[in-house]
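What follows is a single structure, written as structure tokens, with notes after it.
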Amino acid sequence: MPVSIADQIVLITGASSGIGAACARALAVTGARLILAARRAEPLQALAKELERQGVDVLTVVLDVRQAEAVGEAIAGLPEAWQAIDILINNAGLSRGLDKQYEALLDDWETMIDTNIKGLLYVTRAVVPGMVARGRGHVVNVGSIAGRQTYPGGSVYCATKAAVRSLSEGLKLDLLGTPVRVTNIDPGLVETEFSLVRFGGDGDRAQAVYQGMTPLTGDDVADVIVFALTRPPHVNISDLLLLPTDQSSVFHTYRRAE
Ligand code: NDP
Ligand code: 8X3
């Protein structure tokens, strides 16, 4: 049976689009209070307005997770009523390019490593001590199938997601003896702004990633995250691989002729 998370405070990083925005919408229905964080203020504000119209308590925080100091200050500087974060969804992340390891741009590597690994760590480091002190909490790390299998041109992105998997495992080990739970979720192909970002805004190239197959939606991923969050306190869903029916591995995708 699901357990209520009404009134719990949830911090979602990367809430301005895709899986993060879908988590916000799915959690709105549970009665949770939402802190939405990302770099782009406009989509955050638009989402906040949409959710507030439904009666949801929302706070937006414009934040670049790559900035360690800013992350610490943003968490420490939350209004008092928002300080006691119960649930952290470490979702902010991205891929840049699909280039061979010996040809790729250093800047793309820096961006992926700084966001997907170091950014996730900075937010975790800022939020989890409070959870431990309060004796309650749940961290959800959004990894990827790319953290389990490496594909050509994706080695650095894949390595960052393998790191997320290790960090989830390590956090669960370090939190043993506390009531704080850790869930690592590794989705396969999800149609969001992800591929548009990866290919520098090339819409045709981005669309081709999902051509002829039915990918997951952000809502599909959010649905599973809410399931994990609403299990009883003694149940920790630690590790999840979530694939579209049309995908069996990073190398096996079933596509219909169009
Ligand atoms: P989107 O591009 O739609 O969303 C990515 C989110 O991350 C945006 O809200 C973006 O907001 C935010 N973000 C990126 N960089 C930063 C930063 N430096 N600081 C704060 N926020 C940041 O893609 P998805 O929703 O698909 O991606 C969400 C997560 O899911 C990522 O970690 C991705 O790796 C993972 N994933 C995606 C899959 C897919 O197929 N789409 C599959 C498996 C995992 P803003 O630009 O406003 O900062
Ligand atoms: C995003 C899914 O397979 O494009 O993490 O890397 S994939």
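Numbering of ligands and ligand atoms starts at 1, following listing order.
For atom 16 (C) of ligand 1, the nearest non-hydrogen atom of the protein is R39 NE, 3.4 Å. Nearest protein heavy-atom neighbour of atom 34 (O) of ligand 1: Y157 OH, 2.7 Å. Summary of contacts: the protein heavy atom closest to atom 19 (N) of ligand 1 is V65 N, 3.0 Å. Of the protein's non-hydrogen atoms, A92 CB, 3.5 Å is the one closest to atom 21 (N) of ligand 1.
Residues K161 and D186 are not paired through a salt bridge, judged by the lack of any N-O separation under 4.0 Å between the basic side chain and the carboxylate. Classification of R165 and D239 as a salt-bridged pair holds, one side-chain N sitting under 4.0 Å from a carboxylate O. Looking at D246 and R255, no side-chain N of the basic residue comes within less than 4.0 Å of a carboxylate O on the acidic one, giving no salt bridge. In this structure, R33 pairs ionically with D57, as a charged nitrogen and a carboxylate oxygen lie closer than 4.0 Å.
Only one option out of T192, L242, L243, L189 pairs with L216 in a side chain to side chain contact (heavy atoms under 4.5 Å, CB included); it is L242.
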Any protein N or O within less than 3.5 Å of an N or O in ligand 2? List each pair with its distance, or say none.
{"from": "ligand 2", "atom 1": "5 (O)", "to": "S144", "atom 2": "OG", "distance (Å)": "2.6"}
{"from": "ligand 2", "atom 1": "5 (O)", "to": "Y157", "atom 2": "OH", "distance (Å)": "2.6"}
{"from": "ligand 2", "atom 1": "6 (O)", "to": "Y151", "atom 2": "OH", "distance (Å)": "2.5"}

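Counting heavy atoms closer than 4.0 Å to ligand 1, residue T115 contributes side-chain atoms (C-beta onward) but none from N, CA, C or O. By the criterion of a heavy-atom distance under 4.0 Å, the backbone of L63, and not its side chain, is placed next to ligand 1. By the criterion of a heavy-atom distance under 4.0 Å, the side chain of K161, and not its backbone, is placed next to ligand 1. Residue contacts with ligand 1, taken as heavy atom pairs separated by less than 4.0 Å, do not involve Y122 at all.
Under the 3.5 Å distance criterion, the side-chain polar atoms of T115 are left unmatched by any main-chain donor or acceptor of M112.
In this structure, the ring of Y157 has its center less than 6.0 angstrom from the ring center of F194.
No hydrogens or angles considered: nothing links the side chains of T245 and Y254 as a donor-acceptor pair under 3.5 Å. Side-chain contact, S238 with N184: no donor N or O sits under 3.5 Å from an acceptor N or O.
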Subject >> CA sep, side-chain torsions, deciding dist, call: D220, T217, side chain to side chain donor-acceptor pair (under 3.5 Å) >> reply: CA-CA 5 Å; D220 296 324; T217 62; 3.1 Å; yes
